[in-house]
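Excluded from the calculations below are hydrogen atoms, water molecules and symmetry mates; all remaining heavy atoms, backbone and side chain alike, are included.
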Amino acid sequence: MSEPRWVPWARRFVLGFLALFTLIPLYAMVSSSLKPLGDVQGKWEWFPTTLTIQPFFDIWETIPLAEYFVNSLVISGSAAILSVVIAIFAAYALSRFRFRGKNFFKMTVLSTQMFPGILFLLPLFLIFVNIGNTTGIVLYGSRLGLIVTYLTFSLPFAIWMLAGYIDSIPKELDEAAMVDGTGPLGALIRVVIPAAMPGIVAVGIYSFMTAWGEVLFASVMTDSGTRTLAVGLQEYSTQVQVYWNQVMAASLIVSVPVVAGFLLLQRYLVAGLTAGAVK
């Protein structure tokens, strides 16, 4: 049965509207980053009369952007790697073994996604401060503390998603590997991980993106030495001036790692997100 003639046009209209809804703010960001500060603060012009790349150089001088960039890269990368490593073992156990409390554990992991993040802000703050006072391990105001914080959000989703993905991998592959003389750990490393690579990549990208753009916990759990990019961008606004052109230029620089990673690993991300859902 063929679809009515108006359906393709309606589809084009909706997609075109959504494209404009996305591209217009992006164009405003790019054009503002290439304007002098006076032009940005003045009357808005769609086509800049004066173009300059000076804001892309000034962003590194106005605030310690390079330090914030390193902090974000270390924290986000560490959180993503730890999430992937821990989730692989947890998901493999949930998918391949039977043990008491398995269903309860799975439901507990899933239920953590029901609560808003701000609900955990004060408890985590108090826990980190008490751990520091008791053991001397500095978590509040450190990179380690923020990494642990981001693990509390990304790890449950990573475990649940990888468990569903590994379920879609035939158990006969594990059994064949064990017949050849390897154990469960060897089967995981040699067979399951290569087969589950799209799901692993998807989990890694999700964990990285979650940590990279997070603002609430980064604004509370960090200090001047461990501040991340998402929080550091606020420093372009002072009591006497807002450097809008530098804000836009810095925002473009901040988005480069996420956009580049998404474009490079897009096929793995799509495969990882759809395989478990179909299962």
Side-chain angles (χ1 to χ4, degrees), residues 1 3 73-117 120 144 147-214 257-279:
M1 183 177 180
E3 60 184 14
L73 195 61
V74 171
I75 292 171
S76 302
S78 300
I81 293 173
L82 289 174
S83 294
V84 168
V85 173
I86 298 173
I88 286 175
F89 290 99
Y92 183 69
L94 290 174
S95 176
R96 293 298 194 257
F97 300 105
R98 294 183 178 180
F99 53 89
R100 182 177 300 178
K102 174 181 176 180
N103 292 331
F104 176 77
F105 176 77
K106 292 175 67 174
M107 293 306 301
T108 302
V109 169
L110 183 62
S111 64
T112 59
Q113 305 300 301
M114 298 169 51
F115 303 100
F120 303 100
L144 177 60
I147 292 171
V148 173
T149 301
Y150 291 153
L151 281 176
T152 63
F153 303 119
S154 61
L155 191 55
F157 176 83
I159 294 174
W160 185 265
M161 180 176 174
L162 277 183
Y165 195 93
I166 294 176
D167 283 340
S168 65
I169 300 174
K171 294 183 179 180
E172 289 76 12
L173 296 178
D174 302 40
E175 296 171 356
M178 294 180 186
V179 169
D180 291 338
T182 186
L185 182 60
L188 170 64
I189 296 175
R190 298 179 182 179
V191 177
V192 176
I193 290 180
M197 191 55 65
I200 294 173
V201 172
V203 166
I205 294 176
Y206 167 81
S207 302
F208 185 87
M209 292 177 62
T210 300
W212 186 263
E214 202 279 327
V258 176
V259 173
F262 180 83
L263 293 177
L264 291 174
L265 303 173
Q266 182 180 10
R267 62 189 183 96
Y268 294 103
L269 179 63
V270 173
L273 290 175
T274 56
V278 173
K279 174 66 176 177

Check: For Phe208, what residues pass the ring pair (Phe, Tyr, Trp, His ring centres under 6.0 Å) criterion, not counting sequence neighbours?
Finding: Trp212
Next item on the list: Name all residues meeting the side-chain hydrogen bond (donor to acceptor under 3.5 Å, both in side chains) criterion together with Ser95; count only those two or more places apart in sequence or in a different chain, and write none if there are none.
Entry: Asp167
Item checked: Residues which pass side-chain contact (heavy atoms from CB on, under 4.5 Å) with Ala177, listed by chain and number, not counting sequence neighbours -> Thr182, Ala187, Val191
Checklist line | Distance (rounded to the nearest 0.5 Å) between Ile205 CD1 and Thr210 OG1 | finding: 11.5 Å
Notebook entry, point to check: Among all residues two or more places apart in sequence or in another chain, which pass the ring pair (Phe, Tyr, Trp, His ring centres under 6.0 Å) test with Phe99?
Noted result: none
Next item on the list: Measure across Ile166 and Arg96 and return the closest heavy-atom pair with its distance rounded to 0.1 Å.
Entry: O-NH1, 3.2 Å
Checklist line | Reported CG-to-CE distance for the pair Leu173 and Met178, which is rounded to 0.5 angstrom | finding: 11.0 Å
Checklist line | Student check: side-chain heavy atoms of Tyr92 and Ile193 closer than 4.5 Å | finding: no
Check: Just how far is it from atom CG of Leu188 to atom CD1 of Ile88, taken to the nearest 0.5 Å?
Finding: 7.0 Å
Next item on the list: Can you run down the salt bridge (charged side-chain N to carboxylate O under 4.0 Å, His left out) pairs that involve residues 78-94, sequence neighbours left out, and say none if there aren't any?
Entry: none
Margin query: Just verifying a value: how many Å separate Leu94 CG and Asn103 CG, rounded to the nearest 0.5 Å?
Written below: 9.5 Å
Next item on the list: Report the C-alpha separation of Tyr165 and Val192 in whole Å, then their side-chain angles, then the decisive distance to 0.1 Å, and conclude whether the side chain to side chain contact (heavy atoms under 4.5 Å, CB included) test is met.
Entry: CA-CA 10 Å; Tyr165 195 93; Val192 176; over 6 Å; no
Quiz: residues 152-163 side-chain donor-acceptor pairs under 3.5 angstrom, not counting sequence neighbours:
unit_1, atom_1, unit_2, atom_2, d
Thr152, OG1, Thr149, O, 2.4
Ser154, OG, Ser83, OG, 2.7
Ser154, OG, Tyr150, O, 3.0

Note to self: For the CD atom of Glu175 and the NZ atom of Lys171, what is their distance to the nearest 0.5 Å?
What the structure shows: 8.5 Å
